[in-house]
Amino acid sequence: CRALMDEVEYDVTKARQKKTKVSFQINPDGTQERRKVSLAQSEAFLTDLLDKVCERMNDYKLEEDPVTKERTFKRFAPRKGDKIYKEFKKFYFYSDAYRPLKFACETIIEEYEDEIFSLIAQEAHSLADKLCSEKSDLCETSTNRTDL
């Protein structure tokens, strides 16, 4: 859940820095109204994001804290736009080990899509804590958690 929401928050934060998107709405009287919508809150952007975000779960690996034995998924791959990204992408990393994480990601989106849209519309911060701990109870609080 946290890996999913970290990816969503990263993309939404980038999109908030971009221009707004103009959307057209037809009023009940038949007139057309132009409305500016933040790219990060446009339905097309969010739908596309949620359709593709689970593909990035292969950029994560499972790590175990040697002391607490707490297991969490951590991103190991650089993001597109990072200086090292072009060099990193020359190597091919793939493992079936990420499939359960991708499946969990898809399941969470399927079950909590409305909540994810709502949190983004409210311009909430700490999306992982809001969805994974408060809204869904999928994870414990960030001070004592086990990530899905």
Side-chain angles (χ1 to χ4, degrees), residues 1-25 34-148:
C1 182
R2 290 185 185 283
L4 160 66
M5 294 312 292
D6 286 345
E7 291 298 317
V8 168
E9 189 157 19
Y10 176 81
D11 281 12
V12 167
T13 300
K14 274 182 38 183
R16 284 182 179 146
Q17 297 166 3
K18 294 183 179 180
K19 301 285 183 207
T20 56
K21 180 179 177 179
V22 177
S23 74
F24 295 94
Q25 178 178 338
R34 289 178 62 181
R35 218 177 64 186
K36 287 186 177 183
V37 178
S38 161
L39 177 63
Q41 293 182 344
S42 80
E43 189 175 342
F45 168 80
L46 294 173
T47 301
D48 187 52
L49 170 60
L50 293 184
D51 283 347
K52 295 177 181 174
V53 71
C54 294
E55 295 299 321
R56 292 189 233 156
M57 294 302 108
N58 64 345
D59 291 344
Y60 286 78
K61 67 177 184 163
L62 186 60
E63 289 185 354
E64 185 175 292
D65 185 291
V67 177
T68 66
K69 301 297 182 201
E70 179 183 25
R71 294 169 32 150
T72 56
F73 285 99
K74 302 282 185 188
R75 184 178 181 83
F76 72 89
R79 296 185 187 276
K80 208 172 195 175
D82 289 351
K83 287 182 180 181
I84 196 170
Y85 181 79
K86 284 183 182 177
E87 284 298 312
F88 182 82
K89 281 301 173 187
K90 290 179 183 176
F91 302 98
Y92 184 71
F93 298 95
Y94 181 82
S95 166
D96 285 341
Y98 94 97
R99 284 188 180 188
L101 183 59
K102 182 180 179 217
F103 178 74
C105 176
E106 292 166 345
T107 303
I108 292 166
I109 288 175
E110 197 173 295
E111 192 165 332
Y112 295 100
E113 183 174 22
D114 292 341
E115 287 85 350
I116 294 169
F117 281 160
S118 174
L119 288 170
I120 294 168
Q122 296 167 21
E123 296 190 13
H125 296 283
S126 304
L127 293 179
D129 285 337
K130 295 264 192 293
L131 181 74
C132 303
S133 300
E134 295 173 24
K135 299 264 184 197
S136 70
D137 235 2
L138 290 170
C139 301
E140 295 176 18
T141 59
S142 59
T143 55
N144 183 21
R145 70 177 196 231
T146 54
D147 292 352
L148 178 63

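Excluded from the calculations below are hydrogen atoms, water molecules and symmetry mates; all remaining heavy atoms, backbone and side chain alike, are included.
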- Query: Rounded to the nearest 0.5 Å, how far apart are CG of D6 and CG of L127?
  - Reply: 9.0 Å

- Task: Output yes when R56 and D11 qualify as a salt bridge under the 4.0 Å nitrogen-oxygen rule, no when they do not.
- Result: yes

- With no hydrogens and no angle check, is any side-chain donor or acceptor of E63 less than 3.5 Å from a backbone partner on K74? no

- Nearest heavy atoms of R75 and Y60, plus distance in Å: N-CD2, 3.3 Å

- Query: So how far is it from E43 CD to D48 CG, rounded to the nearest 0.5 Å?
  - Reply: 12.0 Å

- Heavy-atom count around E110 CD within 6.0 Å, excluding the residue itself: above 12? no

- Expected output: side-chain S118 to main-chain D114 donor-acceptor under 3.5 Å: no

- Establish, from distance only, whether the side-chain atoms of T13 and E9 form a donor-acceptor pair under 3.5 Å. no

- Item | Closest non-hydrogen atom pair between I120 and R16, with its separation | O-NH2, 3.5 Å

- Message: Before you tell me yes or no, could you show the steps for I116 and M5 under side chain to side chain contact (heavy atoms under 4.5 Å, CB included), namely the whole-Å CA-CA distance, both residues' side-chain angles and the distance that decides it to 0.1 Å?
- Response: CA-CA 9 Å; I116 294 169; M5 294 312 292; 4.2 Å; yes

- Sorted by chain and residue number, the side-chain contact (heavy atoms from CB on, under 4.5 Å) partners of K135 (sequence neighbours excluded) come out as E115, L119, L131

- Could you tell me the separation between the CZ atom of F73 and the CG atom of D59, rounded to the nearest 0.5 Å? 13.0 Å

- Task: Would you mind reporting whether T47 and F117 have side-chain heavy atoms less than 4.5 Å apart?
- Result: yes

- Note on the structure: Tightest non-hydrogen contact, residues S133 and R2, listed as OG-NH2, 3.0 Å

- Query: Less than 4.5 Å apart, any side-chain heavy atom of L101 and any of L62?
  - Reply: no

- Between D65 and T68 the two heavy atoms that sit nearest each other are OD1-N, 2.9 Å

